[in-house]
There are 2 protein chains.
Amino acid sequence: MTKPRTRAPEPDAGSRPGINDISLVDVARMAGVSPATVSRVLNHPKLVRESKRQAVEDVLARVSYIRNNAARALISRKSLTVGLIVPTLANPLFASGIEAIEQTLQAAGYGLLVACSYRDLDREFEQTKVMLERGVDGMILTGPVHKEELFQLTHSRGVAVSLQDCNADILDRSAVAMRDADAMALAIDTLVQRGHRDIAILTGPTGNTPPVADRLRGARERMTHHFGQCADDDVEETADYDAESARLAVKRLFGRKPSYTAIACTGDILALGAVMELRRRNLSVPDDVSIIGCGDQVMTQYVDPPLTTVHLPFRQMGERAARRLLDQLAGAPPSGLEYMDFHLIERVSVRTL
Amino acid sequence: MTKPRTRAPEPDAGSRPGINDISLVDVARMAGVSPATVSRVLNHPKLVRESKRQAVEDVLARVSYIRNNAARALISRKSLTVGLIVPTLANPLFASGIEAIEQTLQAAGYGLLVACSYRDLDREFEQTKVMLERGVDGMILTGPVHKEELFQLTHSRGVAVSLQDCNADILDRSAVAMRDADAMALAIDTLVQRGHRDIAILTGPTGNTPPVADRLRGARERMTHHFGQCADDDVEETADYDAESARLAVKRLFGRKPSYTAIACTGDILALGAVMELRRRNLSVPDDVSIIGCGDQVMTQYVDPPLTTVHLPFRQMGERAARRLLDQLAGAPPSGLEYMDFHLIERVSVRTL
DNA sequence: ACGCCGTCTGAAAGCGTTTTCAGGCCGTGC
DNA sequence: GCACGGCCTGAAAACGCTTTCAGACGGCGT
């Protein structure tokens with residue numbers, strides 16, 4: 001009767017689900033202090049005298065108090081939560097980046113809300129709205145292109161945004177990006193340097209995946225640089241981003257011109273498909289045809305032959321994107337565009353002519 | 001002056017970050033109704049007369065109102081958020097399950113908070129506490145073993161729990177599981193049925209990954225079933241869960257006994273490592289040695305030779321775990337243990353003797 | 001004409017925190 | 001002995017929403 005609370009009028013309260021949660025006010029009463037003091041113990045311990053602090057902390061531990069973050073968020077206007085939207089979770093390359101993001105954010109005390117856009121900008125926009133409803137303090141978005149309304153919204157709400165895998169020409173935003181074009185240029189350079197002249201380019205669908213389009217562009221430019229041109233016939237685009245589509249594309253390629261000595265692929269999975277088709281034609285990799293990939297999926301080191309490829313540091317990209325978001329949340333201004341390094345991983349699928 | 005609000009006393013409010021958010025009472029004032037009515041339009045539209053509803057909705061759209069879910073959660077005691085803890089995000093097999101979870105939950109209006117436990121139970125417990133602070137309505141936990149305190153906590157707070165990849169003997173909880181032991185038994189059966197008698201078992205580290213331990217157990221039991229025993233010499237455990245460790249393990253295996261005609265692996269990556277070592281020994285797969293995997297990583301269909309393996313439906317498992325959590329959130333009681341189906345994927349790495 | 005009921009609406013009471021504000025207490029310097 | 005300042009504490013307001021409660025209104029049956 002000293003406790004005119006609304007809930008838990010039932011006799012056996014405490015053993016019932018959802019009833020046992022005790023609030024900061026309860027803790028205060030048990031410890032014989034005011035709610036304000038409990039709050040201070042929780043948030044600014046040095047403000048309260050040792051003796052009281054001890055008493056409060058004892059109660060806190062005894063009842064295993066769990067703070068209600070909704071109330072905290074309501075008044076402090078901080079949810080300690082950030083939202084992440086990715087095209088897909090299933091791509092292992094991205095997955096390692098997501099893991100890095102989670103790790104970085106968690107270490108800083110932030111929770112991570114994730115959603116998949118499946119490369120649909122409208123969907124991404126809706127998901128962003130929902131995340132804003134949920135009160136995220138910041139957002140990490142993936143890819144170079146997003147709805148403009150999205151940025152208006154986040155800006156007007158004062159929500160920090162960090163872009164990853166985004167090499168768009170942005171000045172007042174924060175972004176980290178792969179150097180996709182340069183990475184593929186390195187792939188081409190590698191082949192040329194090893195004496196290859198008849199080089200085919202195998203690319204995934206470029207339509208809705210800008211990074212892949214960038215890789216293709218980088219490859220073409222480099223071909224032009226070396227040979228004065230890059231014939232359309234030497235480029236083949238797969239129907240889907242999987243090995244079987246890649247195999248079919250290689251079939252078309254070699255149907256037109258059987259004398260290629262090397263294939264540069266804009267993705268490692270495509271490289272696997274290329275190897276399949278070549279094997280079917282009794283062509284050896286790398287003895288007859290060399291293959292170079294891009295991305296460095298872990299598994300490609302375990303295939304036969306182990307794939308020579310250009311390593312793209314997705315984990316690091318995620319870590320950087322998260323770190324930069326944290327900086328903004330700490331008050332720093334958006335920090336512009338940062339590129340990730342890349343490098344060649346020499347395994348055995350490329351041979352010197 | 002008609003608006004004695006605490007914030008935004010500055011002249012240029014509206015163009016400033018974090019200032020432009022308008023609340024439900026603002027909307028109410030603009031629409032000339034009470035806050036209660038706006039709330040009703042948002043949550044129970046049929047309760048309000050058409051004309052007013054229209055007016056309110058107009059304002060809502062015009063100012064692109066975004067609800068503050070912290071306030072809503074505070075009073076309604078529902079956050080429309082669920083927490084997911086997985087051992088790791090980097091495992092592609094899990095990733096597809098996570099994607100399914102996200103998809104299912106999002107379709108039902110729930111947000112997804114994720115964390116990685118890295119197979120550390122204490123860490124998982126701490127992460128759970130943080131998620132409870134954040135007010136999750138339910139949790140999806142991965143794996144068969146968790147701290148008991150965790151369940152006390154969720155139970156006392158009335159938070160629904162759905163377990164995935166969990167075949168522990170639980171009665172009053174909800175869980176979905178792979179039939180890991182049976183899947184590996186199928187692998188052994190397949191080999192035996194194809195005429196193999198000299199079979200080695202290659203397993204990943206069983207210490208902190210119960211599913212792998214189950215697979216091993218299933219394999220051993222089946223070997224005993226067929227041959228009266230399963231010699232310890234025929235079983236080799238890898239140091240890590242990767243292809244290189246697997247290669248080394250196969251080296252040990254064939255060092256002891258070069259006459260194996262088949263290797264059953266508790267994971268697809270291990271199978272890849274096995275192929276590597278065999279190739280190094282100039283042994284052909286499957287002509288000299290057959291290999292069967294377990295798990296069905298997408299990529300294993302693109303390697304040489306395409307891997308025969310037992311398909312484990314991780315995507316479906318995630319979808320089921322999410323669905324069952326939703327059921328509980330809708331009021332249904334925990335629904336016990338549900339097993340996923342599995343089946344053989346015949347590709348080419350197993351040959352009939 | 002009266003009362004009753006059903007439909008719609010607004011006032012107000014919270015939800016569990018954080019933070020401001022003012023005051024109490026004590027020691028210090030005069 | 002008194003004023004002053006520093007340290008600690010509690011009362012109370014506020015955050016933005018939902019929901020209960022009661023009242024207003026109009027239509028209906030008697």
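Remember, predicted model here, so these are calculated numbers, not experimental data.
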Find the distance [X]:[atom1] to [N]:[atom2] and express it as a whole number of Å.
| X | N | atom1 | atom2 | answer |
| --- | --- | --- | --- | --- |
| I75(A) | dT20(C) | CD1 | P | 9 Å |
| D26(A) | dG16(C) | CG | C1' | 10 Å |
| K78(B) | dG16(C) | NZ | C1' | 16 Å |
| N68(A) | dT18(C) | CG | C1' | 13 Å |
| R134(A) | dG16(D) | CZ | C1' | 17 Å |
| N69(B) | dT17(C) | CG | C1' | 17 Å |
| E133(A) | dG16(D) | CD | C1' | 13 Å |
| L74(B) | dG14(C) | CG | C1' | 9 Å |

Residue that, paired with Y110(B), satisfies side chain to side chain contact (heavy atoms under 4.5 Å, CB included) out of V136(B), L105(B), L325(B), I101(B):
L105(B)
Give me the one residue out of T154(B), V161(B), D165(B) that meets side chain to side chain contact (heavy atoms under 4.5 Å, CB included) with L141(B).
V161(B)
With the side chain counted from C-beta on, respond yes when I66(B) and D21(B) share a heavy-atom pair under 4.5 Å apart, and no when they do not.
no
Between the side chain of E319(B) and the main-chain N/O of A100(B), is any donor-acceptor distance below 3.5 Å?
no
Nucleotide nearest S34(B) when distance is taken to its side chain, options dT18(D), dT17(C), dG10(C)
dG10(C)
Among dT19(C), dC15(C), dC15(D), the one nearest any side-chain atom of A36(A) is dT19(C)
So which of residues 39-66 of chain A are in contact with DNA chain D, with a heavy-atom cut-off of under 4.0 Å?
R40(A), V48(A), R49(A), K52(A)
Any side-chain N or O of [X] less than 4.0 Å from the OP1 or OP2 oxygen of [N]?
| X | N | result |
| --- | --- | --- |
| R72(B) | dC15(C) | no |
| R67(B) | dT18(D) | yes |
| T37(B) | dT9(C) | no |
| R77(A) | dG16(D) | yes |

Could you report the tightest heavy-atom contact between L121(B) and H146(B), atom names first, then the distance?
CD2-CA, 4.2 Å
Give, for atom CZ of R324(B) and atom CD1 of I140(B), the distance between the pair rounded to the nearest 0.5 Å.
11.5 Å
Checking S23(B) against D26(B): is there a side-chain donor and acceptor pair closer than 3.5 Å?
yes
